[in-house]
Protein chains: 2
Amino acid sequence: MFQQLFKSIQEKVIVTHEEMELCKTFFIPKKLRKKQTLLQEGDICIYNAFIEKGILRSFYIDEKGNEHLVQFAIEGWWITDLSSFLTNSNSIYTIEALEDSELLLLTTAAREALMNQIPMFERYQRLLLQNAYIANQARINSALTETAEEKYINLGNAYPGIVKRVPQHMIASYLGLTPETLSRVRKQISNKS
Amino acid sequence: MFQQLFKSIQEKVIVTHEEMELCKTFFIPKKLRKKQTLLQEGDICIYNAFIEKGILRSFYIDEKGNEHLVQFAIEGWWITDLSSFLTNSNSIYTIEALEDSELLLLTTAAREALMNQIPMFERYQRLLLQNAYIANQARINSALTETAEEKYINLGNAYPGIVKRVPQHMIASYLGLTPETLSRVRKQISNKS
DNA sequence: AAATTCTCTTGATTTAAATCAATTAAAATT
DNA sequence: AATTTTAATTGATTTAAATCAAGAGAATTT
């Protein structure tokens, strides 16, 4: 159950065997079936979720009723609504499993306690955030400057696993494109080669 | 010289007077005149800069020669190329002062040492990153889903200080718009009221 | 103060992507 | 297996923003 999490931690910081065992006690294992949700829009996000197995997405519905895909997350990644989680505010996002998934959940309190008891866990969290920050910066640049075709090709290169695993209209939504546009972009690409 | 920095730290974590004094010794004060750069594209970003006074921007030039504004930063904010800073890679960004500015610089080594000697500084850094992550998430949503007019109005509401202080074509670049489009958007808004 | 450079505005035209609409294809449910 | 639902494709049309082009207004520099 904890393989992916331990791997993720050990890639970033050095922790003792005892710390790892202690660490386990803070997490709540949880299985989600496809289409089940971890967080409903309007609720307060009380969990930081690590994905041992499966794939999830977070999304929101705007005033006009359009759905916007905010994040995908697969094995070895974390997912939450950080804003809601940290400030106890009502989330505008829904977090949903796209396949049957196995999660390890960390409540706000458990996360705080873990960071206080194992300083290396705070470092681990900071390093994760640094990487997420860099990835988001790249996504901003992509969203502001690239054409539809460039966005799709670059996403495929950066995260081939996700593009293959997820319905096409969700990829379109993640890139800020309509499903029709993405369909045409894909056709154009395949005609070129 | 350290007023803004101390204010920023004390807003986020609790530190002793001694820790604050120790903290000072890790920073290198630096003044930049308008148009001078802290980082040149192609160089390795060796500083994490805190802004005591002034305003800076980071930007890059794409293959087609177009300039893209990545970030603004004013008093009380940090600026760096995190990717270059953390991985010692060559930066694609240039960081430049838009007004005469006063900075406090932290090298990679000084930052590591500071985090090891004052654990609350690591927490401070993590909290900064959390906020930056949330802000970037909002910027992604804006870039992917909002019209030019919405982008401009929302930026003005979120950061009135920046919109007033900076040339209009830089705001346009930050929002991923051409200067012509922003000019027309502003005209439309003023015609409405 | 004059000259130069930089910044913003306005108009005409083009273009990439969205929208609207219909059909086919695939997946899920009964 | 048949039916229903969901997803993807294709075509016609519209639209928001980009591009091209020129001129006006500010701000720096000499």
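Here is how names work: the chains are called A, B, and so on, in the same order as the sequence lines, proteins then strands, and each is numbered from 1.
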Practice prompt. Examine B:R139 relative to B:Y174 and say whether NZ or CZ is less than 6.0 Å from the centre of the six-membered ring and inside a 45° cone about the ring axis.
Written response: yes

Practice prompt. Would you mind reading off the distance between B:N66 atom CG and D:dC20 atom C1', rounded to a whole angstrom?
Written response: 14 Å

Worksheet item: Checking B:E150 side chain against B:T147 main chain: does a donor-acceptor pair fall under 3.5 Å?
Response: yes

Worksheet entry | Five-pair end axes of the helix from C:dA1-D:dT30 to C:dT30-D:dA1, angle between them (10°) | 50°

Worksheet item: Do we see a donor-acceptor contact under 3.5 Å between the side chains of A:Y124 and A:S8?
Response: yes

Response to the item:
Reading nucleotides 10-17 of chain C from 5' to 3' and marking B where a protein heavy atom lies under 4.0 Å of the base, S where only the sugar-phosphate is that close, and - otherwise, the string is BBB----S

Worksheet item: Can you tell me if the side-chain N/O atoms of B:H169 get under 4.0 Å from OP1 or OP2 in C:dC8?
Response: yes

Worksheet entry | Nearest-nucleotide comparison on DNA chain D, the residue closer to the 5′ end among B:K34 and B:L182 | B:L182

Fill in: Minimum side-chain heavy-atom gap A:S58-A:I79 below 4.5 Å
yes

Discussion item. What is the distance, to the nearest angstrom, from the CD atom on B:E67 to the C1' atom on D:dA18?
Written reply: 18 Å

Practice prompt. Take the protein atom NZ of B:K64 and the nucleotide atom P of D:dC20, then report the distance between them rounded to whole Å.
Written response: 12 Å

Fill in: Pairwise side-chain contact, B:K31 with B:L103, heavy-atom cut-off 4.5 Å (strictly under)
no

